[in-house]
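To find a chain, count down the sequence lines: A is the first, B the second, and so on, and within it residues start at 1.
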Amino acid sequence: MEYYESQAIEAKWQSVWEDAGAFSVPNPVLGETPPERHFYMLEMLPYPSGELHMGHVLNYTLGDVVTHFRRRTGWTVLRPMGYDSFGLPAENAAIRERGHPREIVERNIVNIRRQMHRLGWAIDWDRELAAHEPEYYRWTQWLFLRLLEAGHAYRREAPVNWCPNDQTVLAREQVVDGRCERCGAEVEARQLEQWFFRITAYADELLADLDTIDWPERTKAIQRNWIGRSEGAEILFRLDELDLDLPVFTTRADTLFGATFFVLAPEHPLVPRLVVGTHAEEEVMRYVRRNAARSAAERIDPDEEKTGVFTGRHVTNPATGEPVPVWVSDYVLMEYGTGAIMAVPAHDERDFAFAQRFWLPVRQALAARDAEPSDGGGYVPHGSDEVLVESGDFSGLPAEQGRSAIVEWLRGLGCGAPSVSFRLRDWSFSRQRYWGCPIPVVYCAACGIVPVPDSELPVLLPEVENYRPKGEPPLASNEAWLHVPCPACGEPGRREAETMDTFVDSAWYFLRYTDPDDAEAPFERELVDYWLPVSQYIGGIDHATGHLLYSRFFVKALNELGLVGFREPFARLFHQGWVQFDGSKMSKSKGNVIGPDDLVEAYGADAVRLYILFMGPADEDMEWNENGIEGMARFVRRLWRVVNEAAASPAGDAAAESPLARKAHATIAKVTDDVGRRFQFNTPIAAIMELVNELSRAPADPAARFAAETAVSLVQPYAPHVAEELWQRLGGERLWEQPWPVADPAFLERDSYELVVQVNGKTRDRISVPADLSDEALIARAEASPRVRAHLDDHAVRRTIVVPRKLVNFVL
RNA sequence: GCCGGGGUGGCGAAACUGGUCAGACGCGCCUGACUUAAAAUCAGGUGUCCCCGCGUGGGGCAUGAGGGUUCGAAUCCCUCCCCCGGCACCA
């Protein structure tokens, strides 16, 4: 028997698969009845900002096992791959390496593609795409224009997050703890005109539809938190002097009688109107200006004492009819609710702190059911069983009842109504950077924002002399490109020089895979409706509030436009854990990236693939540890030796009943259940190891050959190269398309089994009994055991529990 | 503070709907075989404590802590501690 040569075997089979087009999946022919059992297996596409690391290896090997398993259990599997090649990660890599982003990105793609081939992943390479290619981004632009027409994309001035290092606007989803997700620089607040997608229009649906998809609970929880739906009421406070009604949003209308002052956010548009011409004007406007200059980090510092300024105005509390003073303070956020609040210091910590600071009155409106109402002046946190007090006719009502009663009453008076508020903000997607998809509009003095006609797409990303970030969009420096006639009136116009966030590119790529060469449309409705929603999506949980939310929004909007027939992109989602090294997740900036190349060269792709999945549960974080891979290489060599020996010996009787035959069938059942139902990938490897161990101990068993075939067949999704080679040596061919083995129940049903005999719940003996004994017979056998007898002694048995096929328990 | 996930040997982990003395499989470690030697390979051992007649012996304790339900709990319930993640001046 030859020595196991991983490099030669892997190269051999990779070229066999390529020649056979083994993993290419044609689309169904439109109009004909397509295969019913089809499966869309998708993993998040990589940024070509460097090479693959072990995190990618885990991600794509998982997808690969699922792909092979589904293919061999009778499914038609679409499993494509592409590159998220536009955007900051790729551009920053280019800056580091001092080259043009396109050249760097394309070089990285070549390298990543080589690594993917070397690992032997079963990808349909005919469907490869990259976001930076005009054939792709033409359709990103086309989809943008459809969203623009539908009013889902718009431009407005708004407070935005600005990264001073990357010199661009960031979406809220790209700011983590006040810092840029990419570079870690502290984010500044800026007031800028920007492009937004109206994702808030789908807030309710994005929340509700989480119940319709099979996603990890924690991911749903993250999205629910992010969307942040609050039910409450909008209440109008009358400002008679100026004939204004100021709305507030509150979730605690039951505390209305305790509202003793009123606060506006500094950015509230009515603030100047309230104070113009009064002697408060100067002080208030100074406060507003000073506040606008404060950084976001300063504003949200919880340790800082509250600041604020009185406007000199009063509004009327609609419940009490009393005037309450109107203040301006930055603890009220313009982006949430109405940018104004009714302050109830007795029942809100923040309002209380503000009242203390400025000597404002505190009035209690709720009290624990049995408590004496206190004489006021204190802060009373919300309890579980409280009733309204000092609240007119509503006094005595339980809080929740009082809340709806007050809202109902206000509604009758025309100054209140139930209302819902969200934390979610519209998605800011324009970037002042070079390496992104150009936004296809032209600014015209006469016509305003004019879309570039579909027929002129794509608007190609122009060459510029210096693409480095400088605050101004780099595209604007190419004057020849910038100045074009207005598509509507023909007068001189100016192109949009900002580019799109890379998350726009990835919000629809999974649709393009269905028809990547379509030159007439981004995709065919019939094809996307056939393949989508994605049957199984696999990727990092770090995209929970970004990509995964944006893609859901895109699909909902495209559904409304009639472009797709479904409302959720990813039916099932799985997150692989982080592969960490030195206690933190692998990243280039930390210099702790472990790539697969050296390992593949030393141990072969099969051992690397097996090891990354054997390390632990795939959805839990794992610390990269190279010690064990030697053990996995040992297993592959052992498999090689044992199967080669079995192949050389006489075939034996496949139907023979033997311990090894039973083990083989049990292993089939275990691996099938783990991969197919439980989505658990480490335990199947352990089960196959057990089978191989048992085979190596019983090489003369009549089922030895069957056990060898079974082990090879079951290990194929994990280690496809060595499996294919061994399969051939066993006399088979094209294992990648062989039906998945099926466990024969006759081998799983045993004639006898080990009955556990317990006394007072402690196992005292295990005896072999025939499978079909009655309860009474089982008890008799159990009682006969000498070991059990010793424990029964002369005690009286009070109760006997019999669990058929498992145990007998005597309770004394 | 609110929401979600988790805590099992020296290490990575198993135990799937409460039921085979919890710890499969692997790493590491120990012993032995082969070898001049080492590596590789193969065989055996390895939670912890105690008892003895030293055996394919007997017993106790062990799944973050404490309580409960149950004939029986890593698994279900309650209280608490710790770790990870999300949200948080969101009214």
Side-chain angles (χ1 to χ4, degrees), chain A residues 176 216-230 232 248-253 255 259 263 299-304 306 329-333 335-344 347-351 353-354 381 421-424 541-542 544-545 578 610-611 614-617 619-623 625-632 634-635 637-638 641 670 673-674 677-678 680 682-690 692-693 696-697 753-767 787 790 797-803 805-812:
Chain A
V176 178
E217 191 47 49
R218 57 183 172 145
T219 314
K220 292 188 184 185
I222 289 171
Q223 289 208 348
R224 284 191 195 103
N225 279 341
W226 191 258
I227 294 167
R229 183 179 199 271
S230 292
V248 302
F249 173 77
T250 179
T251 55
R252 296 305 300 248
T255 63
V263 190
R299 276 190 67 164
I300 61 166
D301 183 357
D303 297 331
E304 207 150 292
K306 294 216 176 340
S329 173
D330 63 3
Y331 87 91
V332 174
L333 308 173
E335 311 92 76
Y336 187 74
T338 62
I341 62 155
M342 64 178 213
V344 185
H347 304 293
D348 184 284
E349 243 176 311
R350 300 152 298 178
D351 296 346
F354 194 83
S421 226
F422 292 93
R423 208 192 141 269
L424 185 70
I541 195 171
D542 49 326
T545 57
W578 285 110
L610 279 163
Y611 182 59
F614 185 65
M615 278 180 74
D619 57 350
E620 284 175 26
D621 292 354
M622 50 191 93
E623 172 71 18
N625 170 0
E626 220 161 293
N627 297 335
I629 195 165
E630 191 63 59
M632 191 52 75
R634 205 146 45 216
F635 166 70
R637 285 195 297 267
R638 189 181 168 84
R641 180 174 59 80
K670 163 86 176 156
D673 189 50
D674 279 359
R677 181 181 64 88
R678 298 179 67 202
Q680 185 162 300
N682 52 336
T683 45
I685 301 174
I688 297 167
M689 285 174 166
E690 283 186 56
V692 173
N693 287 346
S696 79
R697 275 188 228 108
Y753 63 96
E754 285 218 319
L755 179 75
V756 174
V757 187
Q758 298 180 327
V759 177
N760 280 341
K762 296 213 178 219
T763 303
R764 296 303 178 183
D765 201 3
R766 287 183 289 175
I767 52 178
R787 294 187 187 204
V797 174
R798 286 216 327 247
R799 205 171 146 193
T800 305
I801 313 268
V802 179
V803 183
R805 318 223 100 215
K806 290 226 162 91
L807 57 79
V808 171
N809 185 11
F810 296 109
V811 185
L812 304 182

With heavy atoms under 4.0 Å as the rule, sort [X] into base, sugar-phosphate or nothing.
{"X": "G631(A)", "answer": "sugar-phosphate"}
{"X": "A686(A)", "answer": "base"}
{"X": "I341(A)", "answer": "base"}
{"X": "R218(A)", "answer": "sugar-phosphate"}

What interatomic distance, in whole Å, is found between [atom1] of [M] and the corresponding atom of [N]?
{"N": "G68(B)", "M": "A13(B)", "atom1": "P", "value": "32 Å"}
{"N": "G6(B)", "M": "C77(B)", "atom1": "P", "value": "13 Å"}
{"N": "G72(B)", "M": "U79(B)", "atom1": "P", "value": "23 Å"}
{"N": "C76(B)", "M": "A24(B)", "atom1": "C1'", "value": "25 Å"}
{"N": "U69(B)", "M": "G10(B)", "atom1": "P", "value": "32 Å"}
{"N": "G60(B)", "M": "A73(B)", "atom1": "P", "value": "15 Å"}
{"N": "C50(B)", "M": "U8(B)", "atom1": "C1'", "value": "24 Å"}
{"N": "C80(B)", "M": "G26(B)", "atom1": "C1'", "value": "36 Å"}

Is the backbone of P617(A) close enough, under 3.5 Å, to the side chain of Q680(A) for a donor and an acceptor to pair up by distance?
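Absent.
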Taking the side chain of [X] as heavy atoms from C-beta outward, which of [options] is closest to it?
{"X": "D330(A)", "options": "U41(B), C3(B), C89(B)", "value": "C89(B)"}
{"X": "V803(A)", "options": "A91(B), G19(B), A43(B)", "value": "G19(B)"}
{"X": "V332(A)", "options": "A91(B), U41(B), C87(B)", "value": "A91(B)"}
{"X": "Y331(A)", "options": "G5(B), C89(B), U41(B)", "value": "C89(B)"}
{"X": "I801(A)", "options": "G19(B), C25(B), A91(B)", "value": "G19(B)"}
{"X": "E690(A)", "options": "C89(B), C87(B), C25(B)", "value": "C25(B)"}

Listed by chain and number, what are the salt bridge (Lys or Arg N to Asp or Glu O under 4.0 Å) partners of [X], not counting sequence neighbours?
{"X": "D674(A)", "answer": "K670(A), R678(A)"}
{"X": "R697(A)", "answer": "none"}
{"X": "D621(A)", "answer": "none"}

Between CD1 on residue I227(A) and CZ on residue R229(A), distance to nearest 0.5 Å
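Output value for this atom pair is 10.5 Å.
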Can you tell me how far the CG atom of D619(A) sits from the CZ atom of R218(A), to the nearest 0.5 Å?
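Atom-to-atom, D619(A):CG and R218(A):CZ are 6.5 Å apart.
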Quiz item: Q758(A) side-chain donor-acceptor pair to G19(B) base, under 3.5 Å
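Yes.
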Ignoring hydrogens and geometry beyond distance, is the side chain of N225(A) in donor-acceptor contact with the base of C87(B) at under 3.5 Å?
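Looking at the base of C87(B), it does not pair with any donor or acceptor on the side chain of N225(A) (distance under 3.5 Å).
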Nucleotide pairing, RNA chain B (Watson-Crick or G-U, distances under 3.5 Å), in dot-bracket with [ ] and |:
(((((((..(((......[.....)))((((((.......))))))((((((..).)))))..(((((..]....))))))))))))....
What is the per-nucleotide protein-contact pattern of nucleotides 6-16 of chain B, from the 5' end, where B denotes a base atom under 4.0 Å from a protein heavy atom, S denotes such proximity for sugar-phosphate atoms only, and - denotes neither?
------BSSSB
Return yes if a side-chain donor-acceptor contact under 3.5 Å exists between N225(A) and R423(A), otherwise no.
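No donor-acceptor contact under 3.5 Å links the two side chains.
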Qualifying residues under side-chain contact (heavy atoms from CB on, under 4.5 Å), relative to V176(A), sequence neighbours excluded
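Listed in chain order: E181(A).
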Is T545(A) close enough to G86(B) that one of its side-chain N or O atoms is under 4.0 Å from OP1 or OP2 there?
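No, because none of the side-chain N or O atoms of T545(A) sits under 4.0 Å from OP1 or OP2 of G86(B).
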L424(A) CG to C87(B) P: how many Å, rounded?
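The answer, rounded to whole Å, is 13 Å.
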Give the rounded distance in Å between these two atoms: CG of N809(A) and C1' of G19(B).
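About 9 Å, once rounded to whole Å.
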